[in-house]
Amino acid sequence: MLTFNMSYFLGLFPRLADALPFTLEVIVASIFLCLLFGSLVAVIRIAKVPVLSQICEVWLSYNRSMPFVLDLYLVYFVLPAIVKMMHFSTDGWPLTVYVLIALTFHYTPVISEIIRPAYLSVDKGQNEAAMVFGLSPAHRVLHIVAPQALPVALPGLVNESINILKDTSIMYFIGVVDLMGKAGLIINANYGQGKLETYCAVALIYWAIVILVEVAFHYFQKWNTTGARRA
């Protein structure tokens, strides 16, 4: 018979909270790396850099077909062998490094596919006019292109950030003790009892994190729209 122990359920949150800071650190670091390299790949594809642009196309096609868990296992098991062939060693690498590499590898081309059309949506004439006035490429991007491209790209970037957030939940597959890993340790320490309560508690925590991300996005979008109107 399925039962739900409310007092045990409520007592789980302080125990799970121990793993929350580390989980959030991995989430923030993953999103930052994906945005950084995604922007770089977007530039390569926009500029149509020979060879590199074609490699990025193949990369995007591959990742559209692969579940993240497969990329995580490939990075975890195959990367050390590749590094060893280059006469380096992965001994001492924290498990978090494999997670960050796998997430960056998996989501970078997807992020680039959001940034690229947002950039191309800005009228070319504005960029050309800025060149006539002698603005540097950095100034053109920061002051002309980015303010117009950001509202176009932001919904897609937020959706992919949430996907990255959710995919960090499987890093315990390779032994990383994050929120899900902590839940597994609690269940094992309780001899398999309280699974329902534990997973429900974890689900509520992830739900709360996603809601906070969506609320932050809403207020940022509102602030950005207000700033654009004033400008």
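By convention here, the first residue in the shown sequence is residue 1.
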Locate the shortest heavy-atom distance separating [X] from [Y]; write the atom from each residue and the value.
{"X": "S30", "Y": "L103", "value": "OG-CD1, 3.0 Å"}
{"X": "L179", "Y": "L16", "value": "CD1-O, 3.5 Å"}
{"X": "L60", "Y": "V110", "value": "CD1-N, 4.1 Å"}
{"X": "K182", "Y": "V177", "value": "N-CG1, 4.0 Å"}
{"X": "D18", "Y": "P21", "value": "O-CD, 3.6 Å"}
{"X": "S112", "Y": "A42", "value": "CB-N, 3.6 Å"}

Can you tell me how far apart [atom1] ([X]) and [atom2] ([Y]) are? Round to the nearest 0.5 Å.
{"X": "E214", "Y": "I162", "atom1": "CD", "atom2": "CD1", "value": "4.5 Å"}
{"X": "F77", "Y": "I82", "atom1": "CZ", "atom2": "CD1", "value": "14.0 Å"}
{"X": "C34", "Y": "I114", "atom1": "SG", "atom2": "CD1", "value": "10.5 Å"}
{"X": "E160", "Y": "D167", "atom1": "CD", "atom2": "CG", "value": "9.5 Å"}
{"X": "Y8", "Y": "R15", "atom1": "OH", "atom2": "CZ", "value": "5.0 Å"}
{"X": "Q54", "Y": "I44", "atom1": "CD", "atom2": "CD1", "value": "11.0 Å"}

Would you say that [X] contacts [Y] through its side chain, given a criterion of any heavy-atom pair below 4.5 Å between the two side chains?
{"X": "Y206", "Y": "T23", "result": "yes"}
{"X": "V176", "Y": "F22", "result": "yes"}
{"X": "F37", "Y": "F105", "result": "no"}
{"X": "M6", "Y": "E197", "result": "no"}
{"X": "L165", "Y": "V213", "result": "yes"}
{"X": "N63", "Y": "D71", "result": "yes"}
{"X": "L95", "Y": "V99", "result": "no"}

Applying side-chain contact (heavy atoms from CB on, under 4.5 Å) to M180 and V202, what does each step give before you reach the verdict?
CA-CA 7 Å; M180 284 295 294; V202 172; 3.5 Å; yes
Can you confirm whether more than 12 heavy atoms, excluding those of F32, are under 6.0 Å from its CZ atom?
no
For the residue pair F68 and Y107, categorise the inter-ring angle as parallel (less than 30°), tilted (30 to 60°) or perpendicular (more than 60°).
tilted
For Y76 and Y98, take the angle between the two ring planes, folded into 0 to 90°, and tell me which bin it lands in: parallel under 30, tilted 30 to 60, perpendicular over 60.
perpendicular
Please evaluate residues T108 and L36 with respect to the criterion side-chain contact (heavy atoms from CB on, under 4.5 Å), reporting the C-alpha separation (whole Å), side-chain torsions for both, the decisive distance (0.1 Å), and the verdict.
CA-CA 8 Å; T108 287; L36 177 64; over 6 Å; no
Please confirm whether the backbone N or O of I186 pairs with a side-chain atom of N190, one donor and one acceptor, at under 3.5 Å?
no
For this output row, return yes or no: ring centroids of F9 and F13 closer than 6.0 angstrom.
yes
